[in-house]
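Structure record follows, encoded as structure tokens.
Reminder, nothing fancy here: chain letters follow the sequence lines and each chain counts from 1.
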2 protein chains.
Amino acid sequence: MPRPPTTQQFVLDELRRAILSRELAPNQPIRQDSVAHELGVSRVPLREALKTLEAEGQVVYRPHRGYTVAELSLADLLEVYRLRELLETEASLVSATKADERDSATVRAELRAVAEAAANGDLVEMIAANRRFHFAILEPADMPWLMRMVRTLWDTTDAYRAVYYNAPANRSRVLEEHEAIVRAFEARDGAELAGLLQQHREHAVAALRATLADTANG
Amino acid sequence: MPRPPTTQQFVLDELRRAILSRELAPNQPIRQDSVAHELGVSRVPLREALKTLEAEGQVVYRPHRGYTVAELSLADLLEVYRLRELLETEASLVSATKADERDSATVRAELRAVAEAAANGDLVEMIAANRRFHFAILEPADMPWLMRMVRTLWDTTDAYRAVYYNAPANRSRVLEEHEAIVRAFEARDGAELAGLLQQHREHAVAALRATLADTANG
DNA sequence: CGACGTAAGGTTGGATCCAATATACAGTCG
DNA sequence: CGACTGTATATTGGATCCAACCTTACGTCG
């Protein structure tokens with residue numbers, strides 16, 4: 001596996017992974033010295049990577065007090081999904097009017113990638129492919145500012161997505177829903193597409209609500 | 001004027017100001033050494049500030065090639081306003097259902113601040129007060145993720161706002177529209193509020209379109 | 001005369017070192 | 001006994017220095 005071109009990009013990837021896997025727990029202060037040593041790099045690229053994560057809302061920064069991993073409350077989670085609803089609905093409507101055959105082929109390829117990863121039981125790859133699948137649907141809208149925001153919103157909830165995909169029932173429902181979504185996309189039916197994506201998200205939210213309630217009790 | 005607590009915050013403010021005033025022109029490479037010397041600081045806090053601006057889309061970064069000021073095309077401008085429409089409409093609707101008397105007082109105070117700055121011919125203060133006015137309207141919605149995104153969208157178009165406010169006719173229309181907006185806010189009429197804000201934005205877009213067309217020709 | 005390779009200079013990327021601030025603990029005073 | 005203050009330590013913030021990469025100009029070859 002080739003290391004990214006710059007160290008700070010490598011550090012950024014590692015930090016995202018660590019936050020996702022709870023290796024760095026929410027509210028935990030990030031000791032720059034220890035993390036830098038752990039990754040075998042200096043503090044400078046680490047600090048630049050943390051600045052990026054701060055702008056994305058993944059960590060919070062207090063001057064002279066350092067960075068801590070952001071805690072995502074239930075309210076935050078609901079807000080993030082509401083914002084995804086607003087932005088992705090817009091993007092899918094526009095995308096349906098602009099997409100061509102090449103876009104359909106890309107989406108269909110990603111659909112297969114998700115299904116394949118699911119069949120192989122490769123959760124990490126399934127999450128990555130799922131992301132590519134959804135972004136491939138929105139990409140034809142050609143709205144770079146929107147895409148940037150949607151990407152940030154996805155990043156913040158990556159940790160929860162891992163939990164969601166852990167349950168086999170959730171995984172199979174995801175695959176079924178993806179099939180319907182692709183059909184709407186290929187039919188260029190924006191309203192249908194937006195509606196299906198909305199249901200897709202609502203199912204995830206419902207499941208996550210239940211999980212969070214469980215965690216809070218247990 | 002007290003300097004901010006950290007140097008990087010100071011640098012961030014200075015960079016925003018420089019980009020806004022076209023002191024740093026779009027597509028112009030940002031030579032870290034010269035800018036750092038100009039501000040009397042080292043390159044480290046400058047680089048951290050640039051990372052923040054990169055995440056906001058104000059500058060673009062190419063590894064080993066450095067940062068350049070982002071160019072905002074007409075398509076970008078229209079997209080940014082479309083996204084503001086989506087997000088601010090949502091926020092204003094929620095805000096109308098949650099706001100209390102204290103919020104009304106805050107909004108009204110900012111309304112006066114804008115009018116006062118306009119009367120004094122203080123454009124910089126007018127822009128700042130206008131921003132506070134609009135955010136005070138959205139704040140009661142209590143949606144921090146949305147506010148963060150809206151803030152970013154405002155930041156990217158600050159340069160254009162300065163142009164817009166330069167025309168006296170635009171300024172007086174802004175003040176009139178603000179009056180109506182406050183009335184809807186105090187009446188807790190979400191639909192009316194959202195509609196008025198939308199018109200408010202559309203007027204700005206129309207004026208900016210005309211300005212950009214002029215600039216392109218001249 | 002044009003195109004490619006190469007070398008030199010300049011700019012960014014990263015590491016180390018020093019200064020400034022916050023935190024924690026101990027000692028003292030009310 | 002509790003609260004405050006002063007000090008020591010750990011951690012972050014910033015400056016300087018070195019390495020890696022990109023760019024550009026020059027020379028050479030086709």
Between C/dT21 atom P and B/Q8 atom CD, what is the distance in whole Å? 14 Å
Strictly below 4.0 Å, N to O, side chains only: are B/R16 and B/D155 in salt-bridge contact? yes
Distance in angstrom units between A/L12 CG and C/dG14 C1', rounded: 16 Å
Result for 5'-nearest mapping on DNA chain C, choosing between A/R65 and B/G66, is B/G66
Rounded to whole Å, please give me the gap between NE2 in B/H37 and P in C/dT11. 13 Å
Please confirm whether any donor atom in the side chain of A/R47 sits under 3.5 Å from an acceptor in the base of D/dG14, or the reverse. yes
So if I take every side-chain heavy atom of A/R31 and compare against C/dG13, D/dA15, D/dT12, which nucleotide ends up nearest? D/dT12
Atom CG of A/L39 and atom P of C/dA15 are separated, to the nearest Å, by 11 Å
So, A/K51 and B/E54, do they make that salt bridge, N to O below 4.0 Å? no
Side chain of B/P45: nearest nucleotide among D/dG14, D/dT12, C/dG14? D/dG14
What nucleotide, of D/dT12, C/dA15, C/dG13, holds the atom closest to the side chain of A/D33? D/dT12
Return whichever of B/Y67 or A/P63 has its heavy-atom-nearest nucleotide of DNA chain C closer to the 5' end. B/Y67
What nucleic acid atoms does A/E48 come within less than 4.0 Å of, heavy atoms only: base, sugar-phosphate, or nothing? nothing
Which part of the nucleic acid does A/L46 contact within heavy-atom distance under 4.0 Å: base, sugar-phosphate only, or nothing? nothing
Could you please name the option among C/dA15, C/dT21, D/dG14 that lies closest to any side-chain atom of A/V41? C/dA15
If I take atom NE2 in residue B/H64 and atom P in nucleotide C/dG14, what distance separates them, rounded to the nearest angstrom? 7 Å
Closest to side chain of B/S42, choosing from D/dT16, D/dG13, C/dG14: D/dT16
What's the closest nucleotide to the side chain of A/Y61 if the choices are D/dC21, D/dC17, D/dG13? D/dG13
Taking atom P of C/dA20 as reference, at what distance in whole Å does atom CD of B/Q9 sit? 20 Å
Taking only side-chain nitrogens and oxygens of B/T7, does any of them come within less than 4.0 Å of OP1 or OP2 of D/dG14? yes
Distance-only polar pair, side chains of B/T106 and B/D103, donor-acceptor under 3.5 Å: no
What's the CZ-C1' distance between B/R43 and C/dG14, to the nearest Å? 10 Å
Exam field: side chain B/N166 to backbone B/V163, donor-acceptor pair closer than 3.5 Å: no
Please report the distance, rounded to the nearest Å, between NZ in B/K51 and P in C/dT12. 13 Å
Below 30° counts as parallel, above 60° as perpendicular, anything between as tilted: where do the rings of B/H134 and B/H200 land? parallel
